[in-house]
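For ligands, and for the atoms within them, numbers begin at 1 and follow the listed sequence. When reading the values below, keep in mind they use all heavy atoms of this one structure, side chains included, and skip hydrogens, waters and symmetry mates. Residues take their numbers from the sequence shown, with the count starting at 1.
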Amino acid sequence: MDKLSESLTKIVDIARLAPSVHNTQPWRISTQNNSIVVELDPRFTLTDGDPTGRETIISLGIFCEALTLSAATFGFACQSAKLDDRRAELKFDENVSEQARMDADSKIRLLRTRCTDRSIYKMRELSDVDLQSLQASSHIDGVQVMADSDPDHIKKTAGLTAQGIQLALSNPKFRSELSQYVVVQNSHKKRGISVRSLYIPGLIAFVEPFILRLGIALGQEVKLEKKRWLSSSGLVFITTDGDMPEYWFAAGKAYLEVALAIEALGLSQATSAATVEASTFHEDIEQMLGTSKRLQCVIRIGEGQKNRAYSPRVDAAELITSN
Ligand SMILES: Cc1cc2nc3c(=O)[nH]c(=O)nc-3n(C[C@H](O)[C@H](O)[C@H](O)COP(=O)(O)O)c2cc1C
């Protein structure tokens with residue numbers, strides 16, 4: 001067995017902390033001649049929650065970036081990360097500089113602590129330096145990161161996100177699939193969104209999967225989502241030069257770097273695919289930002305809860321198919 005294969009379980013044990021759409025973690029991981037190969041596990045890819053597959057490929061980009069960072073801490077440098085249809089291949093050698101290893105170590109510390117916080121945030125003044133550090137957190141070809149705290153942008157994005165959520169939740173199939181990825185307290189599920197990360201009253205949290213499936217109180221859900229987004233102190237937008245899966249994958253890599261930079265600032269984060277996926281809302285945001293690029297991700301940031309709610313993860317051994 002080569003060195004990379006020997007270290008695979010340790011590498012994946014950290015990378016599995018990467019966020020993914022609905023926390024589906026649809027990964028099947030193997031090694032092949034100094035490469036790590038990640039394929040999508042069709043049992044856990046979304047149908048109604050992600051009809052184009054964009055959110056899953058963004059998630060795959062995030063996961064591959066996490067694998068790259070994790071592998072660096074064990075002495076493997078990623079030479080290339082390529083997407084080929086629904087499969088990614090990361091080629092490694094053993095030439096990691098001490099500096100790269102230390103950088104990866106500090107990012108992994110942030111990966112271990114970050115999570116999605118869907119609470120209503122408290123306002124926190126963001127300095128230009130903070131916003132610039134987020135914009136500078138990623139240098140991926142064909143990907144742009146914009147961070148701002150413009151109250152008009154926050155208001156417009158909150159309104160469009162709420163409309164996007166309303167459209168998504170009006171689809172019973174979307175709701176039914178999502179409800180399968182909601183994790184109530186004391187559940188043994190290893191995939192899905194912890195209800196604790198929603199910061200809603202305990203009793204409602206307990207019945208949230210049923211409420212969702214049956215479509216009860218959708219208007220309240222939409223109003224709450226608007227309130228959450230209005231409470232943002234700032235927003236981060238990720239755009240790309242084009243709109244092919246290669247760009248979605250690249251956006252995912254940038255997403256992880258940005259997410260870790262937000263964590264480094266001590267801020268909370270949450271995202272929504274609503275403006276990216278629903279109707280033509282992405283065009284409204286692109287126009288608002290004055291860009292001709294394609295919107296791929298929007299992250300809200302602010303001062304959230306001190307008490308963090310982590311969503312579960314699948315064990316590394318379950319994600320690895322062979323060595
Ligand atoms: C590509 C992508 C799209 C996402 N879309 C949404 C979304 O529309 N709404 C939401 O509440 N969370 C969304 N999330 C957040 C995930 O649900 C979350 O990352 C996952 O449950 C894991 O939890 P964690 O971020 O706390 O580790 C998205 C995450 C990713 C990576």
Side-chain angles (χ1 to χ4, degrees), residues 14-27 40 44-46 48-50 52-66 110-120 157-158 160-169 174-175 177-183 189-200 208 212 221-222 224-226 228-229 232 236 238 240 245 247-260 262-263 268-278 281-282 295-301 304-305 307-314:
I14 296 172
R16 73 197 175 97
L17 303 176
S20 58
V21 59
H22 288 14
N23 202 18
T24 45
Q25 309 164 68
W27 322 129
L40 297 184
F44 305 109
T45 49
L46 300 170
D48 304 288
D50 185 24
T52 62
R54 177 204 313 269
E55 300 304 316
T56 301
I57 299 296
I58 292 175
S59 303
L60 179 59
I62 296 173
F63 184 61
C64 287
E65 187 68 4
L110 297 166
L111 179 63
R112 286 186 188 282
T113 57
R114 79 148 284 291
C115 64
T116 299
D117 176 346
R118 297 181 178 81
S119 67
I120 294 167
T157 305
L160 289 169
T161 304
Q163 283 184 60
I165 288 287
Q166 186 161 30
L167 281 175
L169 291 179
F174 176 92
R175 293 201 311 268
E177 189 177 51
L178 175 58
S179 69
Q180 289 162 36
Y181 284 99
V182 173
V183 183
K189 276 193 192 174
K190 289 184 178 168
R191 289 183 165 87
I193 299 165
S194 164
V195 285
R196 289 180 53 239
S197 72
L198 303 174
Y199 296 94
I200 51 178
E208 182 70 12
L212 256 179
E221 192 77 48
V222 170
L224 175 59
E225 189 67 359
K226 186 164 182 181
R228 288 171 169 144
W229 279 78
S232 314
V236 183
I238 299 176
T240 51
Y247 287 104
W248 305 345
F249 185 67
K253 292 204 243 170
Y255 183 107
L256 186 69
E257 295 294 340
V258 170
L260 300 181
I262 296 168
E263 180 71 7
S268 283
Q269 57 186 278
T271 188
S272 171
T275 51
V276 176
E277 298 291 345
F281 297 147
H282 68 96
L295 181 73
Q296 302 293 353
C297 311
V298 188
I299 305 172
R300 68 179 173 107
I301 55 180
Q305 297 290 315
N307 230 343
R308 291 198 150 183
Y310 289 91
S311 290
R313 290 296 190 272
V314 176

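Atom 1 (C) of ligand 1 has E55 OE1, 3.3 Å as its closest protein atom, hydrogens excluded (heavy atom only). Scanning the protein for heavy atoms near atom 21 (O) of ligand 1, the closest one is N23 CB, 3.3 Å. Considering only non-hydrogen protein atoms, atom 26 (O) of ligand 1 sits nearest to T116 N, 2.8 Å. With hydrogens left out, the protein atom closest to atom 28 (C) of ligand 1 is T271 CG2, 3.3 Å, a heavy atom. For atom 12 (N) of ligand 1, the closest non-hydrogen atom of the protein is R118 NH2, 3.2 Å. Of all protein heavy atoms, the one lying nearest to atom 27 (O) of ligand 1 is R313 NH2, 2.5 Å.
Side-chain atoms of D48 never come within 3.5 Å of backbone atoms of F174 as a donor-acceptor pair (strictly under, hydrogens ignored). A donor-acceptor contact shorter than 3.5 Å links the side chain of Q269 to the backbone of A259. Here the side chain of T275 pairs no donor or acceptor atom with the backbone of T161 at under 3.5 angstrom.
Considering only non-hydrogen atoms, atom 16 (C) of ligand 1 lies nearest to S20 out of P19, S20, A168. Remark: among candidates G61, G164, A273, the nearest residue to atom 5 (N) of ligand 1 is A273, based on non-hydrogen atoms.
Residue S59 approaches ligand 1 through these ligand atoms, each under 4.0 Å from one of its heavy atoms: 1 (C), 31 (C). Listed by atom number, the atoms of ligand 1 under 4.0 Å from I193 heavy atoms are 17 (O), 21 (O). Atoms of ligand 1 found under 4.0 Å from any heavy atom of R114 (numbered from 1 in listed order, with element): 24 (P), 25 (O), 27 (O). Those atoms of ligand 1 that come under 4.0 Å of a heavy atom in I62, given as number and element, are 31 (C). Close approach of ligand 1 to C115 is summarised as follows: ligand atoms under 4.0 Å from at least one heavy atom of the residue are 26 (O).
Within the 4.5 Å cutoff, side-chain heavy atoms of P312 are placed close to those of N23. Contact annotation: the side chain of R118 never approaches that of R196 to less than 4.5 Å [non-hydrogen atoms, C-beta and beyond]. Residues P19 and I62 are in side-chain contact: their nearest non-hydrogen atoms beyond the backbone lie under 4.5 Å apart. D50 is not listed as a side-chain neighbour of T45, based on a closest heavy-atom distance of 4.5 Å or more.
Using a cutoff of 4.0 Å between basic side-chain nitrogens and carboxylate oxygens, R308 and E263 are scored as salt-bridged.
Geometrically, ligand 1 and Y255 share no nitrogen or oxygen pair separated by less than 3.5 Å.
No side-chain donor from either of Q180 and R191 sits under 3.5 Å from a side-chain acceptor of the other.
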